[in-house]
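Structure first, commentary second.
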There are 2 protein chains.
Amino acid sequence: MKDTKLPTIKEIAKQLNVSVSTVSRALHDHPGIGLRTRMRVQQLAQQLNYEPNQTAIFFKQRRTFTIGVVIPNLKEEFFSQAIDGIEETASSNKYSVLISQSKDDLERERRIITTLKNNRVDGIIVSLSKQTTTYDHFTALKKYNIPVVFFDRVPSLPDFNKVYSNMNSGTREAIEFLIEKGHRRIGVLNGPEQMRSSKERTETYKQILIKRRLKIDMGLVAHTDLTRESTWKAMQDLLSQRPRPTAIVAINDYIALDAMQYARQQRLKINKDICFVSYANLPITSYLENPPMASVEQYPYDQGAQAAGMLINILSEEEKPTRPDEPETFQNIVINGQLIIHGKR
Amino acid sequence: MKDTKLPTIKEIAKQLNVSVSTVSRALHDHPGIGLRTRMRVQQLAQQLNYEPNQTAIFFKQRRTFTIGVVIPNLKEEFFSQAIDGIEETASSNKYSVLISQSKDDLERERRIITTLKNNRVDGIIVSLSKQTTTYDHFTALKKYNIPVVFFDRVPSLPDFNKVYSNMNSGTREAIEFLIEKGHRRIGVLNGPEQMRSSKERTETYKQILIKRRLKIDMGLVAHTDLTRESTWKAMQDLLSQRPRPTAIVAINDYIALDAMQYARQQRLKINKDICFVSYANLPITSYLENPPMASVEQYPYDQGAQAAGMLINILSEEEKPTRPDEPETFQNIVINGQLIIHGKR
DNA sequence: TGATAATGCGCAACCGTTTGCGCATTGTTG
DNA sequence: CAACAATGCGCAAACGGTTGCGCATTATCA
């Protein structure tokens, strides 16, 4: 039984012998209502503990002040930090946040999008599943006027709103850092090949080696599908190269940790026989005795916050009178990953 | 402009020259509708890409298939894991999840509850802010028939639904483990005194020492407010006791890590000069070279999943015909924290 | 004082869907 | 063939608010 009935605007109207429209307006301080009645209404509302039924308002206004968030999972600290940022800026703009996890499954991602659409969220923030290579389920949203902002794992096409950290500058810094430390054989422990960031990383890697006139050996670029087994396998490949790489750039901290475990098992001393540099700079690394030498910080909280900000911005633009056929424009925020060098502990 | 108008049930009705009620029923496979028209309706619906407007349904049905979640923050892995569990079981039961963070601020917690109520969530899952000692904002929800389930940080009063892991069994195991390893001076690095779990832990600690006929020295019980500074300070106290404790039970992994850092700074060898046992057993500990000797696993994912399950259960009970004045009952799930002994690595 | 303007409020439609009830039409039975 | 039952569908109210428009009533001015 879903019913101890709450006071409604009608109830107030009846008790005061005025119309519901009057009550509604009075509660909104509409100028067309006399001070006298406005007061009476507001007082009674207070007294009855009246609270507007948002579901009714959502329905009527055709907007819900809710934004949907789709991420691959919540297990990775990167994403929960991002949601922290999203929730924070959303709530301070009176938006609520609906979250769901795609679990890196494309079908699931699709279903989630449909549900969010039916729930009439005002906008959606997405970090792509690693399976996603087509974007029709997102472009479809345009018909429904639901803006989408991607973050971190963003589509490689231009016609989307995105917030992401570019691999280039961070990767450049990281590799140059290693070169300056004297490393000449630098391995790359990269993510799935179809991911934008993986490609960027490999690209940058090659460029720098060329610039520095170092030999490029593609045997030093390995890919992992992000599972531990796959990472260990990739490490096995890398460590079997001759001469063995003396440093490894890993796609993120978790992967680096897995890799370091593997290296330890092979009786290699971390930061001595082999050095690691990774991405993300998660809080956990600060607790390690032998953390990666450096991490490219990707500011997940900020990415989330920026994405939410961008979305809310777009939503408030929509309110304004729409000039005929403005061409649709897409926003892009690139957060520069920054190399954080971990002090010895 | 929030309006490329979507196909509605009315639209379908018009095109087929039937009434909206017929369409509605046809789409729900209501037996009162002939096979013939049912087919026509469903076909056209398909063709028009009709999707029901959930906001309308929410409004009409007075339920939203949404559950609200209030946690202190998303930064702690414990909570994001819990949300993982919540989201997972919620979504497989067709519920959506609305999250917000109290940031350990009571006022904020109150506001969130009000918003969730106005948004007509069907139920709420809460882990209390550490400031919360009064529960009127939750009891108020009973008037609105919104059930609440607490997890982890739960109220100490009996008349609430809760899921939590009891400190007793885990703490007992942990301390006995240490005693068996030969430790006689065991320190406790406890949380804020007002938290239920802190009290329980201290209580159990004393009991066991008594049972084992060991001397109780309250100088070995220190409190931290969970900040790193405070933890270090507590550690300073503990390490200055004479004889120095040879083992420490810390309230959770983060605190243990902070404490271990401090110990290292004091030139103590972890797991040799001083051992640590902590609570939570977060994934990160598996990456440490010298993890705590053992952790009491608290199964955050399961706590979340159980809490969601309990809530959804309560919600579906509500559907059933309510016998007059059943006394309200409250459910309790206690998850036994289990001591996980970390293998040497 | 009469015309006009300003003020204060009510009417009613609308948002999209669900559902109890009732009315035809058709089929069944004695 | 009459009486009745079953079948298939429509009417209309309801959920709780918002809002354009219009109508009285009062105030304002010449």
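Naming: A, B, ... by sequence-line order, numbering from 1 per chain.
- If you measure from atom NZ of B:K10 to atom C1' of C:dA13, you get 10 Å, rounded to the nearest angstrom.
- Between the CZ atom of B:F59 and the P atom of C:dC15 there is a distance of 13 Å, rounded to whole Å.
- DNA chain D is contacted by both B:S19 and A:V20; B:S19 maps to the nucleotide lying nearer its 5′ end (nearest heavy atom per residue).
- C:dT17 atom P lies 11 Å from atom CD of B:E51, rounded to whole Å.
- Looking at heavy-atom distances under 4.0 Å, B:T8 makes contact with sugar-phosphate atoms alone, never a base.
- Chain B approaches DNA chain D within less than 4.0 angstrom (heavy atoms of the protein), and the contacting nucleotides run 5' to 3' from D:dG8 to D:dG16.
- A cation-pi arrangement is present between B:K142 and B:F160, with the terminal nitrogen or guanidinium carbon under 6.0 Å from the aromatic centre and inside a 45° cone about the axis.
- In this model, no donor atom of one side chain and acceptor atom of the other lie less than 3.5 Å apart for A:Q47 and A:Q43.
- The residue A:F58 sits apart from the nucleic acid: no heavy atom pair falls under 4.0 Å.
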For the pair B:N73 and B:I71, evaluate side chain to side chain contact (heavy atoms under 4.5 Å, CB included) and give the outcome as yes or no after the intermediate values.
CA-CA 6 Å; B:N73 63 71; B:I71 51 165; 5.9 Å; no
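- Of the N and O atoms on the side chains of B:S92 and B:T89, not one donor lies less than 3.5 Å from an acceptor on the other residue.
- Rounded to whole angstrom, the span from the CZ atom of A:R120 across to the P atom of C:dC15 amounts to 13 Å.
- Under a 4.0 Å N-O distance rule, the pair A:K103/A:E109 does not qualify as a salt bridge.
- Using a 3.5 Å distance cut-off with no hydrogens or angles, the side chains of B:D84 and A:Q101 do pair a donor with an acceptor.
- Near-neighbour residues of DNA chain D inside residues 26-41 of chain A, defined by a heavy atom below 4.0 Å, number-ordered: A:H28.
- In this structure, a donor-acceptor pair under 3.5 Å is absent between the side chains of A:N313 and A:Q331.
- Using a 4.0 Å heavy-atom distance criterion, A:V18 is classed as a sugar-phosphate-only contact.
- Using a 3.5 Å distance cut-off with no hydrogens or angles, the side chains of A:Q54 and B:N119 do not pair a donor with an acceptor.
- Of the candidates C:dG20, C:dG16, C:dC11, the closest approach to any side-chain atom of B:K60 belongs to C:dG16.
- Of the N and O atoms on the side chains of B:S19 and B:T22, at least one donor lies less than 3.5 Å from an acceptor on the other residue.
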